[in-house]
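Comments concern the structure below.
These figures come from a predicted structure and were not determined experimentally. FYI, the numbering just counts along the sequence from 1.
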Amino acid sequence: MSAGLILLLLLMGAFGGFAAGMLGIGGGMILVPFITMIFTAQGFAPHAIIHMAVATSLGVIMFTSISSVRAHHQHGAVLWSVAALLAPGILLGAWCGPWIAKQLSSAGQALLFAVFLTISATQILFGKKAATAQTTPAAQAAHLPGRSAMFGTGMLIGVISGLVGAGGGFLSVPFLMRRGVRIQNAVATSAALGFPIALSGTLSNIYYGWQVADLPPYALGFVYLPALAVMALASVSMAPFGARAAHRLPVQTLKKIFAVMLYCLAAYMLYKALY
């Protein structure tokens, strides 16, 4: 890789890591569109570009989520009991997501990405009013559905996250907020869920991409290792700063930042799907 490309990947990783820590979205919603641009410019096989962008993003999230959740845990914001209920379904769903993605064309996958980004942003800004946020972790957990419903919810989050290469925050944050969880706790718990999503999704992308033709050198399945290494380094360094910002910014500011960012990325992925 050229020095310019390495610098660009470092900047992307840093921005993605900061957003992951601040918004609990794992960074994937931001990274996938930019990685897609870079892989397109590098001349990678068109049929594999978005699959590789999604897989590489999930690989980065594995490292980012550890750094992000550690910072949120220091603030006592992670609802570990809630994460434990969602994690089994998430692991299964995140493995299935890449298999479903492999059945789609690149344009279909980009369109799916744009649709879910738009739905999530709209839900944050204009959706049904969330339940009154509870003040204690126990009270927040008490307003959540039963074990079976949480498993099903986790599986849905995992499937969609595996499809689009995200940490799941675009689904888990709105879900938790609607059930009365404070946005800071929702973001922190979503950060904790990023690791099982990324681990299962990355392994699945390696497995399902193993025999795909025309992948570039240093690709492990659909995961492009050089980009993963550079972005992960920067992302891990910046995630704690984003987590600190999440605990200092007002709730409404966080919601607006979250939604506007998702709308912008949806517009790019729609362009990618149509042209």
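Looking at every heavy atom in both residues, H47 comes nearest to A213 through CE1-O, 3.4 Å. Of all non-hydrogen atoms in V60 and L31, the two that sit nearest each other are CG1-CD1, 3.8 Å. Taking each heavy atom of L193 and A83 in turn, the nearest pair found is CD2-O, 3.7 Å. Closest heavy-atom contact between L85 and R147: CD2-NH1, 3.5 Å. Nearest heavy atoms, P88 versus F151: C-CE1, 3.8 Å. Between T202 and A55, the shortest heavy-atom contact is OG1-O, 4.4 Å.
Here CG of L91 is found 9.0 Å from CD1 of I197. Values are rounded to the nearest 0.5 Å.
Residues F44 and Y224 meet the side-chain proximity criterion, which asks for heavy atoms closer than 4.5 Å. Residues F195 and I66 form a side-chain contact, since some pair of their non-hydrogen atoms from C-beta on lies under 4.5 Å apart.
Qualifying side chain to side chain donor-acceptor pair (under 3.5 Å) partners for S237, counting only residues two or more places apart in sequence or in other chains: none.
Remark: the backbone N or O of V236 is not paired with any side-chain donor or acceptor of T64 at under 3.5 angstrom. Judged by distance alone, the side chain of T56 and the main-chain N or O of M52 form a donor-acceptor pair under 3.5 Å. A donor-acceptor pair is defined here as one N or O able to donate and one able to accept, closer than 3.5 Å; such a pair exists between the side chain of T153 and the backbone of A149. Within the 3.5 Å criterion, the main-chain N or O of A45 finds no donor-acceptor partner in the side chain of D214. Side chain of S190 to main chain of A186: no donor-acceptor pair is present (N/O by atom type, distance under 3.5 Å, no hydrogens or angles). A donor-acceptor pair is defined here as one N or O able to donate and one able to accept, closer than 3.5 Å; such a pair exists between the side chain of N205 and the backbone of G201.
Under the 4.5 Å side-chain contact rule for hydrophobic residues, I6 and L11 do not share a cluster.
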Would you please test M150 and F175 for side-chain contact (heavy atoms from CB on, under 4.5 Å) and show each step? CA-CA 11 Å; M150 292 292 278; F175 165 71; 4.0 Å; yes

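When hydrophobic side chains of Ile, Leu, Val, Met, Phe, Trp and Tyr are connected at separations under 4.5 Å, V69 ends up clustered with V78, W80.
When ring centroids are compared, F18 and F241 stay outside the 6.0 Å threshold.
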